[in-house]
Each structure stands twice: as C-alpha cells, then as structure tokens.
Amino acid sequence: MQHQPISRRKGEAPSTMPLWVATAAPGPGLAPLGAEIEADVLVIGGGIAGMTTALHLVEAGVDTVLLEAGQPGDQATGWSGGLVAPDYIRHTPETIGTVLGRHHGEMLTRMIGGSARAVFDLIERHAIDCDARQDGFYTPAHSEGLAQSQRGYAEQWQSRGYDVRFVEAREARHMFGVERYCGALRFGEGGSLNPLGYVRGLAQAALKQGARLFGESPVQALRREGGRWIARTPGGAVSARRVVLAANGGNARLHPALRRTALPLHVVQFATAPLDDVQRAAILPEGGAFTDKVSYLFTARLDPQGHLISAFPMSFLVRGDRAHLREARRRLRQHFAALSDPRIDHVWEGLAWVNASFLPELYDLGDGALAIQADNGRGIGINTQLGIEVAAAIASNSRARLSVVPREPHPIRLHAGAALLPKLLMTMAWLSN
Ligand SMILES: Cc1cc2nc3c(=O)[nH]c(=O)nc-3n(C[C@H](O)[C@H](O)[C@H](O)COP(=O)(O)OP(=O)(O)OC[C@H]3O[C@@H](n4cnc5c(N)ncnc54)[C@H](O)[C@@H]3O)c2cc1C
C-alpha cells in the first residue's frame, strides 16, 4: 500500500525530516517501561538489528524484552536510504578470504550474499507493508579499470551460486539514465524498501509473536547485579539472564568496552519531488538502485511515488541547510541529464557508524552479553542477517553457525582524532568532485 506524502509547494524549503516519516505505514507506538520486570533475554535498541533479533528470539520461544530509546527506526534505520545491497563495501568473495581466512571468509560471503534474500523473505513472511522492490542493486564502475575488475568479481559471486552479473556500459547507461559509468555489477536479489516501514513492520510482527517491546525507554545504566544484567530506564528496570546490545552508536554508552569501537559517518540524504513522466522514462526506467564506488559516493533509487532518493557524505566544507540543498541539486545535475532543475522536497542528516575493519562485528562482552556493531553502509541486509543469526545462537546455546565470529572489542587507537577522519576524507573527496 502506498502512503501519500504531503506535497510541498514550489519554492518552499525542503523538509528536514526523512521522506519515510511521510510515507511509511504507521508504527506500533510503543509505550514506555513503567515497572521492574524480568526476561530471559533483553535486547537494547529498536533499529533493524534489535528488532530482527527480538522477532526471531520470540519465534524460537525465548522470553524477550526490547527497550528502545525512542520509537522503532528513530535513528540510522529510519534515516537511511533504504537500498538493499547484498555486497561488500570494500571486499570481494576472494579478497575477504585473505583477511579472515578461507573458512570464515566463505561464511561471511554466504551471509552477505544472502542478505537481500533474507530481507525480502522476512517481508513476505510477515506481510510487511514497506514498498519493497526486489528489482536489483547495482554498483556502477566509474573507470575502465574498475569495470574490468568487476567482470572478475561477477564470476566470483556466480561461482558461489549468486545472481550477480556484469552489465556493460551501454546497458548500464540505459538502466540508470547516467552517462558517466563504464558498466556495473548487478546483484539480482537486491533492491530497495521504505526502511522505516520495514522496521515498524518487524516491530508489529514481534509484538504479534509475544515480544514485550517498550519505546521512549532509554537505558541509562546497564550493570551486572547478582549474576544477572540489570538495565535501568527512567520508568523502570529489566533484569535479564542474557543481553544483546543493538543500539548502534548508542552501544558506546552502554558498555565501557564499546566506547571507542566505531567511527561516525555523517550522511545527507535527500529526495526530489515526484519525477514527471519524461524524467521517469529516463531515470532508472526499469527500477533498481545503485551506489557507486567513488570516494564521494553517489547513490540513487526511486520510491513508488517517483521520488528520486540520493545522498552525499557530509564534509567540513558543505555546511548548513542551504549548502546541503545546493549540493543535492548539484549532484543530481552532475549525474542525470534529465534533471536540469531538480526540485528537492526532503533533505535530512543521518548518522551512520563504521567499523575500522569496514566489516560487520559481533562483540562478546562476557556473561551472556553480545553486541551487534554492524558496519552501517550495508546495514539493512547485514543487520537483518545478524539479528536472525544472533537470535538462533542464543536460542540454541550454540555460536557455531554465526557468520561473524564474536570477539573481544578492541578500541580504535587515537579514537577522538580518528572520529574526525570520515568527514576529513569526505572533505578531500568533495574537493576533487
Ligand atoms: C543516512 C544513512 C543512509 C543509509 N543508507 C543505507 C542504505 O541505503 N542501505 C543500507 O543497507 N544501509 C544504509 N544505512 C545504514 C543502515 O541504516 C544501518 O546500518 C542500520 O539501519 C543500523 O541498524 P541498527 O539497528 O544497528 O541501528 P539503529 O537503526 O541506529 O538502531 C539503534 C537503536 O538503538 C536505540 N538506542 C540507542 N541508545 C539506546 C539506549 N541507551 N537505550 C535504548 N535504545 C537505544 C536508538 O534509538 C535506535 O533506534 C544508512 C545509514 C544512514 C545513517
């Protein structure tokens, strides 16, 4: 079902709220925790990672409570672009083996390669209303050299049974409506969705299965007391045998060992007014979504109403609402000949988190506590998979089938300085773009 956003008048400043707030199906409106309660497992965080974990725990018969500081999807999930991308950011199925060893590399490739299928299967199984479109995810090549490498990457995925192929330049230009690319990898199982609608749907499904979910309940302190985990919120407390930290950037405030394990990446997302028929015929005419591999990355997808959704990483030199709007329009004109005077209806700032490894991480905090710190660039698929796997590991008391081996957290060296790096690198990338 499509939910119609309120159309903005020409000349009106864009909304600074995500498009999804206007178009997602309503959420469950979770009430705050107002008592001291017990559970077998406590999940902290109601984004994709936490909600998928809670849903699969209750489905496996585990008594589960989830605490969310706001409402489901209030942070990275609801502010994201909604591309479902079953691909590595930095690696390929072969190079990952040199980092993790062949066995663990293959496990991670299976998890990432299957992540889009997991998302769309879950949506179908629970009839989640989130404008899901499994019409392909592409990584366009901006140079002949990358295009040549991508032909090999396609074979690496295909030999492992995935629907991935290299699309030659002519076809890519037609598929995107962009002239500058030399070809693209097409991941057939990828696509896009309304991320806020997706997480709200996961919450509804978890409630239906018997999970106890609480909103407006930030965990202010998490401690070990009497052999159990105690999480205190403004209105109550949860005592649990085991705990899953799925608060993304918020994990750092929940456990001292997680304080310096991730780096912030500020991203500006934006959505145009619905495209007219001529523009729609030229831009992504057959659907699909793409993110290129340029440092100052470019990404695009459409939603069912014809909004074109894109993003740029924040830098030190493009600051403030007006500069963001100018940059959004510049980027669209730079890529799409059919958009000479784009009208932008939404521009919103999101905060993503990246690990120094650029890989998803699970942290073992001891005493039955695990933290999910997925690398954010592919979080819709990867966090769904991690949630499913973490729930299965907890329910079966076995970590043997986890694709990511839980390890002790290692702080990033010189973290305060390192935290500036993503924005600094993006500033340099912007200067040459
Ligand atoms: C602008 C932007 C664009 C993106 N685009 C894409 C994309 O197109 N495709 C893709 O795959 N990925 C994308 N990502 C990444 C993806 O959105 C994330 O990886 C994913 O949503 C993270 O899910 P999560 O559940 O780990 O975290 P979050 O969604 O951040 O959820 C964590 C939750 O924990 C809650 N919380 C925090 N602290 C506490 C506390 N103390 N107590 C209780 N609750 C707490 C928060 O309120 C929040 O709801 C994007 C991210 C951003 C920011």
Side-chain angles (χ1 to χ4, degrees), residues 18-20 27 30 32-33 42-54 65-87 89 112 115-116 119 137 190-196 198-200 202-203 213-222 231-234 238 243-255 258 262 264-270 289-291 297 299-301 309-314 347-355 360-361 371-387 390:
L19 169 67
W20 320 122
L30 302 178
L33 177 69
L42 166 65
V43 178
I44 305 176
I48 292 173
M51 218 43 97
T52 316
T53 308
V65 164
L66 179 143
L67 295 174
E68 160 56 44
Q71 291 292 326
D74 262 7
Q75 290 195 8
T77 296
W79 294 68
S80 77
L83 284 78
V84 187
D87 180 26
I89 296 179
I112 288 177
S115 60
V119 169
F137 168 75
S192 61
L193 46 69
N194 180 323
L196 187 58
Y198 177 48
V199 76
R200 285 177 174 175
L202 293 172
L213 312 180
F214 298 94
E216 318 302 336
S217 300
V219 174
Q220 296 170 313
L222 178 68
R232 296 194 187 281
T233 71
V238 178
V243 63
V244 178
L245 278 63
N248 201 7
N251 281 346
R253 287 189 299 276
L254 291 169
H255 195 287
L258 297 174
L265 175 66
H266 299 263
V267 180
V268 177
Q269 264 319 131
F270 55 94
F290 70 83
T291 303
L297 63 83
T299 170
R301 57 159 291 197
I309 297 122
S310 182
F312 57 86
M314 265 171 91
V347 183
W348 66 96
E349 281 176 36
L351 180 54
W353 294 87
V354 289
N355 299 323
E361 301 281 5
I372 298 176
Q373 193 69 60
D375 207 41
N376 272 196
R378 302 282 187 261
I380 290 175
I382 291 176
N383 287 16
T384 298
Q385 287 281 61
L386 283 178
V390 164

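Indexing begins at 1, ligand by ligand and atom by atom, following the structure's order. Quantities reported herein were computed from a predicted structural model and do not represent experimental measurements.
- Below 4.0 Å from some heavy atom of Ala69 lie the following atoms of ligand 1, by number and element: 43 (C), 44 (N), 45 (C), 47 (O).
- In terms of N/O distances under 3.5 Å, ligand 1 is approached by Val219.
- Those atoms of ligand 1 that come under 4.0 Å of a heavy atom in Leu83, given as number and element, are 7 (C), 8 (O), 9 (N), 10 (C), 11 (O).
- Annotation for ligand 1: atoms under 4.0 Å from non-hydrogen atoms of Leu254 are 41 (N).
- Ligand 1 does not have Ala374 within reach: every non-hydrogen atom of the residue lies 4.0 Å or more from it.
- Between atom 23 (O) of ligand 1 and the options Leu196, Thr384, Asn383, the minimum heavy-atom separation is to Asn383.
- Any N or O atom pair closer than 3.5 Å counts here, and Asn248 shares at least one such pair with ligand 1.
- Checking side-chain atoms of Trp353 against main-chain N and O of Leu265 turns up no donor-acceptor pair under 3.5 Å.
- Side-chain atoms of Ser217 come within 3.5 Å of backbone atoms of Gly215 as a donor-acceptor pair (strictly under, hydrogens ignored).
- The distance from the OG1 atom of Thr53 to the CD1 atom of Ile44 is 12.0 Å, given to the nearest 0.5 Å.
- Side-chain polar atoms of Asn251 and Gln373 form a donor-acceptor pair below 3.5 angstrom.
- On a distance-only criterion, Gly381 and ligand 1 share no N/O pair closer than 3.5 Å.
- Short contacts between ligand 1 and Gln269, defined as distances under 4.0 Å to a heavy atom of the residue, involve ligand atoms 1 (C), 2 (C), 3 (C).
- Between atom 53 (C) of ligand 1 and the options Val268, Leu351, Val43, the minimum heavy-atom separation is to Leu351.
- Summarising the contacts of atom 17 (O) of ligand 1 with Gly45, Gly73, Ser80, the nearest heavy atom is found in Ser80.
- Both the backbone and the side chain of Glu68 come within 4.0 Å of ligand 1, judged by heavy-atom distances.
- At a heavy-atom distance under 4.0 Å, only side-chain atoms of Ile44, from C-beta outward, approach ligand 1.
- Arg200 contributes no side-chain N or O that, together with a main-chain N or O of Pro72, makes up a donor-acceptor pair within less than 3.5 Å.
- Between the side chain of Gln269 and the main chain of Ser310, a donor-acceptor pair closer than 3.5 Å is present.
- Side chain of Gln71 to main chain of Leu30: a donor-acceptor pair is present (N/O by atom type, distance under 3.5 Å, no hydrogens or angles).
- Under a 3.5 Å cut-off, the side chain of Thr77 and the backbone N or O of Ile48 do form a donor-acceptor pair.
- At least one heavy atom of Gly82 sits less than 4.0 Å from an atom of ligand 1.
- A side-chain donor-acceptor contact under 3.5 Å links Asn194 to the backbone of Leu196.
- When only interatomic distances are considered, the shortest N/O to N/O separation between Val84 and ligand 1 does not fall below 3.5 Å.
- Aromatic ring pairs are classed by plane angle as parallel below 30°, tilted from 30° to 60° and perpendicular above 60°; the pair Trp348 and Trp20 is perpendicular.
- One N or O on the side chain of Arg301 and one on the backbone of Gly81 form a donor-acceptor pair closer than 3.5 Å.
- Atoms of ligand 1 lying under 4.0 Å from at least one heavy atom of Leu67, given by number and element, are 43 (C), 44 (N).
- Between Ser80 atom OG and Leu193 atom CG the span is 7.5 Å, to the nearest 0.5 Å.
- Within ligand 1, the atoms closer than 4.0 Å to a non-hydrogen atom of Trp79 are 1 (C), 2 (C), numbered from 1 in the order shown.
- Within the listing of ligand 1, atoms 30 (O), 46 (C), 47 (O), 48 (C), 49 (O) sit less than 4.0 angstrom from a heavy atom of Gln75.
- Below 3.5 Å of separation, one finds no N or O of Val267 facing any N or O of ligand 1.
- Residue-to-ligand polar distances keep Gly350 apart from ligand 1: every N/O pair is separated by 3.5 Å or more.
- Remark: ligand 1 and Thr77 share an N or O pair separated by less than 3.5 Å (distance only, no angle test).
- Across all their heavy atoms, Thr233 and Gln220 have their closest contact at C-OE1, 3.6 Å.
- Of the candidates Ala246, Gly379, Gly250, Ala246 brings a heavy atom nearest to atom 32 (C) of ligand 1.
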